[in-house]
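Take a look at the structure set out below.
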Amino acid sequence: QIWIEGNIASGKTTCLEYFSKTSDIEVLTEPVSKWRNVQGCNPLGLMYQDPSRWGLTLQTYVQLTMLDRHVLPMSTPVRMMERSIYSAKYIFAENLYKSGKMPEVDFAVLSEWFEWIIKNIAIPVDLIVYLQTSPQTCYERLKQRCRDEEKVIPLEYLESIHNLYEDWLIHHKSFEVPAPVLVIPADHDLKKMLHQYEENREKILMAHC
Ligand SMILES: Nc1ncnc2c1ncn2[C@@H]1O[C@H](COP(=O)(O)OP(=O)(O)O)[C@@H](O)[C@H]1O
Ligand SMILES: Cc1cn([C@H]2C[C@H](O)[C@@H](COP(=O)(O)O)O2)c(=O)[nH]c1=O
């Protein structure tokens with residue numbers, strides 16, 4: 001199992017779309033549509049409008065939907081998945097808490113849920129592919145993608161997410177890294193990115209061997 005990690009709008013979905021054309025690979029994109037619509041409510045939108053009030057609501061639902069993805073039985077030898085229950089906690093929940101937008105009690109409850117899950121449920125991973133971008137590149141791509149809920153995201157938010165990713169996956173300064181990390185520089189144009197994916201194809205697809 002391979003996780004594709006990276007900042008918002010770093011190119012994860014585009015990368016997965018590319019590999020989805022390969023036979024015998026199962027690609028699981030993030031369930032963002034669920035985060036935007038759970039029984040008619042939009043926890044993603046609510047979180048961006050009022051993170052202190054709705055951060056726990058969103059992150060609880062992200063944690064559930066990620067877990068649901070992780071425990072799906074494999075239908076092919078290789079599975080590529082967009083992000084993970086780990087990055088939801090170590091990057092996004094952490095960011096809300098560290099920036100003072102998630103109350104301590106909310107973070108404590110979410111953390112206990114997370115710790116219980118990773119202790120009691122097997123979440124296999126062979127390789128983490130980190131699409132390493134500058135926050136500025138993500139900011140430009142985010143504007144271009146123009147998802148309604150994300151129009152309020154300032155560059156500083158992407159900088160915080162970037163720093164948390166770097167501390168976790170590059171500097172090993174924050175949390176346990178559950179698999180080897182393959183870093184792919186991802187500020188380049190699409191043509192160069194596809195070339196890099198081809199160069200790394202073997203490394204990525206053979207990670208489980
Ligand atoms: N290498 C690239 N160069 C320019 N634009 C890109 C590149 N990769 C993706 N994009 C565009 O940037 C936006 C975000 O890409 P996406 O793959 O959805 O990122 P993510 O899934 O990481 O949020 C989309 O509009 C996409 O078409
Ligand atoms: C995992 C996770 C995601 N989010 C937010 C961040 C973005 O607005 C979307 C995901 O979009 P991307 O283009 O795939 O990065 O969801 C969040 O707030 N909390 C999370 O745990």
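We're numbering straight along the sequence, starting at 1. Read the numbers this way: they start at 1 and go in the same order the structure lists the ligands and their atoms. Being a predicted model, the structure only gives us computed values, none of them experimental.
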- Proximal candidate to atom 13 (O) of ligand 2 [heavy atom criterion; set Arg145, Glu30, Lys12]: Arg145
- Best match, Arg141, Gln63, Gln59: closest heavy atom to atom 21 (O) of ligand 2: Gln59
List every atom of ligand 2 that sits less than 4.0 Å from any heavy atom of [X], numbering the atoms from 1 in the order shown and giving each element.
X      : result
Met47  : 18 (O)
Glu82  : 14 (O)
Tyr48  : 5 (C), 6 (C), 7 (C), 8 (O)
Glu150 : 7 (C), 8 (O), 9 (C), 11 (O)
Ala9   : 13 (O)
Leu44  : 5 (C), 16 (O)

- Item | Salt bridge flag under 4.0 Å for residues Lys143 and Glu140 | no
- Message: Using a 4.0 Å cut-off on heavy atoms, what residues surround ligand 1? Order them by chain and number.
- Response: Asn7, Ala9, Ser10, Gly11, Lys12, Thr13, Thr14, Glu82, Arg141, Gln144, Arg145, His188, Asp189, Leu190, Met193
- Message: Test of understanding: with side-chain hydrogen bond (donor to acceptor under 3.5 Å, both in side chains), list the residues that count as partners of Arg53, not counting sequence neighbours.
- Response: none
- Lys12: partners by side-chain hydrogen bond (donor to acceptor under 3.5 Å, both in side chains), with sequence neighbours left out: none
Under-4.0 Å heavy-atom contact with ligand 2, by part of [X] that carries it:
X     : value
Thr13 : neither
Leu58 : side chain
Val62 : side chain

- Task: Sequence neighbours left out, what passes salt bridge (charged side-chain N to carboxylate O under 4.0 Å, His left out) with Lys151? Give chain and number order.
- Result: Asp148
- Under 4.0 angstrom from ligand 2, any heavy atom of Glu149? no
- Task: Assess the side chains of Trp35 and Thr65: does a donor N or O sit below 3.5 Å from an acceptor N or O?
- Result: yes
- When the ring centroid of Phe114 is compared with that of Tyr86, is the distance short of 6.0 Å? yes
